[in-house]
Every structure is written in structure tokens, then in C-alpha cells.
Amino acid sequence: MFDEATRKILHACPREALDESLFSTSPIITRYPDTILSRHDVPYSAALTFNAGVVKTDDRYIMIFRNDYGSFEEEKIIGTNLGLAFSDDGIKWKVEPEPCFAMADDEVLRVYDPRITVLEDRYIICFAVDTKHGVRGGIAETKDLKHFEVLSMSVPENRNMVLFPEKINGNYVRLERPMPVYGRDGMKFDIFLSESPDLVYWGKSRLVMGVEHVPFANEKIGPGAPPIKTDKGWIMLFHAVDFDPARGKNGWEPTWKKRYTIGVALLDLKDPSKVIGMYKRPLMIPEGYYELEQGYRTNALFPCAALVDEGNVVRIYYSAGDAIIRMATCDLDELIGLCTEPL
Ligand code: BMA
């Protein structure tokens, strides 16, 4: 992570104070009471098991999760791989005996934060890649969840890529979150969209939503789950980060002063770079022991998957404290009904 000097610079950037009364979880949300997956469920070395892509196919649920290994008790991470799990009900998971994917060579340090989209006859995995020359967004495809072919890698600094589940106006479309440290005041990072004819070459990039549009963020926002198609528009779940210098130690990091919440917006079906409605309050904020007190970074919710299940129930899979995977549900129409305000 950042060294002490960098941390001081980051903490010196001014951020607007936010209205704390905005911060509550929407009443439409129901949290599943138990943890969905943690290091205790993983049959190989695992310390932090979190940030999971999840999809539902005809006969099962599939999860690819980030697995940082080392020692949870000693607060030490020595490497990261991606694990694979299957479930019949989306709640009880069985993790495969070996990790399914990792990348590390002279240049690439690690792959993390997978999101899955089922596209045509294959699974497309978007992930972040730490390299010696910056953070890049990677896209890989797999048909059997065993062999992965990397299709594209963005230039630095970019991550939090999520792919739409179908072509729009003839092109594949992804949401992404570049990290412009020179051209944008203070650490402000926003959500963009790009298009591609083949998942390899990406362009036509445009802004979707800026931090300034989100009253509960004063630092950065980023795509969360691959968007869900509805007849009213694409549902975009995102994470939103607020920084408060008055916060003390947060998890394993001595001076981390952020909170990660979850937001929701609706994007235009034909031009998903247009936000047609958003909820100006968080959909979920960290609450309770697992979300506020335990983990690598306490006070952090990070959604990487959402799907619509029987009965119009939306399942949101999110990480708590960068340490475990949890799930919350809500009604699809109620979720759409929150997205009423313009940008
Ligand atoms: C982001 C990434 C994620 C992490 C999240 C919350 O910046 O590092 O991997 O889950 O912060 O700490």
C-alpha cells in the first residue's frame, strides 16, 4: 500500500464535509444474517476472502472471488489469487480445491477484484491488475472456468471494470474507473464508459457520473456490479467513498480514514453513458460488527455482483471489511423506484 509520505499527501487533499444525516441504509434492503463466504470456507491458504463476482446460470450459481493469502491473525498478506465456488442456492457455497486464476511475472504483481458477466457462450471476467508500472484493468474469457485467456489490458491507472451482459448499438460496453491524479483536483475519481467491437480494442470513452453528482461521496466512486437490464433502464450499483480526516485507525491500516458505501443509479437502455435517475442517498452503509469493526479495512462495503432471482428479488453480493463476503436483497421494482433524481 502507500508509504507514509504518500499517505500524508493524500490526507492533505481537502475534501468537502458531507451531511452525515444522509448516511443510512435504505429501508428496502434486507441483509442476509450470515456470512456467505470467508477464509474458513477455502480449502487452500486464505486470509482475506472477498470481492466476488457472482452469476446465475440455468442450473447453478458461480462465484469467482479474490483470495489474499498469508495470515489473517498476523495481519500479513503474501499473495493474491482468484478462487472459484459453486452453489445450488446462492447462499451455501462449495469452493473448488484449487484457485482458478492468478497472474504474476516480472511485470505483473497480482490480479484481484473479479467481476463476471455471462456473454453469449462464455464467461467474461473483468479484474484489476497491479503491475510494476501501475494499476491496469484486465478482461479475460473462459468457457470452462479453468482456462482463462486474457483479451485486453488497459493502460494505467484504471480498475473496477464491469461489462454489460449484451452488446449495445453493436458494441460491447464496459463501465470503468480511471484514476486521474494530475488532471483532477484532489483525489477525485469518477465512473466512465467505453465501447469495443471485440472486447480487445476499447474506445468512444465518456464520463457517466462524477463524484460531485454523489452527495455521499467526497473522494471517489467506482462501478460495483455488472449492470442489470430492466425495462426502465440499466441498474448500476456503485461504491462511493467518503474521507473524513477525523477518523482514526480503520482496520489493519494505521491511518485509513475512509468509508465505503453502496449507491444505485439507472442508466439509459440505449445510451448507458446517460444517467436517467439516481438515488441521492446511499443504498447501503456499513453497519454492525462485520461491516464496521472487523477486517482489513473496517467501515467498507464493496459490491462486485448483483443478480435478479425468482420473485424479482435482487441479490447484492458485497464484501465487508475487505475480509468476507456477505449478501443483501431487495425488491427489483423498489430498487428502480429509488432512482428518481437527476444527476
Ligand atoms: C478499493 C480497492 C478494493 C477494496 C476497496 C475497499 O480501492 O482496493 O480492492 O475492496 O478499495 O477497501
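These numbers come from a predicted model, not from an experiment. We count ligands from 1, going down the list as the structure has it; atoms in each ligand are counted the same way.
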What atoms of ligand 1 come within less than 4.0 Å of a heavy atom belonging to [X]?
X	answer
Lys220	7 (O)
Asp113	2 (C), 3 (C), 9 (O)
Phe302	3 (C), 5 (C), 10 (O)
Asn51	3 (C), 4 (C), 9 (O), 10 (O)

Below a 4.0 angstrom heavy-atom separation, can you tell me which part of [X], side chain or backbone, both or neither, approaches ligand 1?
X	result
Met179	neither
Arg159	side chain
Tyr260	side chain

Where do Phe189 and Val181 land on the side-chain contact (heavy atoms from CB on, under 4.5 Å) test, with the steps shown first? CA-CA 8 Å; Phe189 304 156; Val181 285; 4.2 Å; yes
Hey, are Tyr296 and Glu253 close enough side-chain-wise for a donor-acceptor pair under 3.5 Å?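 There is such a pair between these side chains.
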Does any donor atom in the side chain of Thr25 or Glu287 lie under 3.5 Å from an acceptor atom in the other side chain?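 Yes, Glu287 and Thr25 have a side-chain donor paired with an acceptor closer than 3.5 Å.
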Salt bridge (charged side-chain N to carboxylate O under 4.0 Å, His left out) between Glu195 and Arg174, intermediate numbers included: CA-CA 7 Å; Glu195 298 185 25; Arg174 75 184 182 199; over 6 Å; no
Aromatic plane relationship, Tyr317 with Trp93 - under 30° parallel, 30 to 60° tilted, over 60° perpendicular: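 Aromatic pair Trp93/Tyr317 classed perpendicular.
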Please confirm whether Arg66 comes under 4.0 Å of ligand 1, counting heavy atoms of the residue only.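 It does, in that a heavy atom of Arg66 comes within the 4.0 Å cut-off of ligand 1.
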If the test is salt bridge (Lys or Arg N to Asp or Glu O under 4.0 Å), which one of Arg184, Lys258, Arg259, Lys188 qualifies with Glu219?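 Filter result, single survivor: Lys258.
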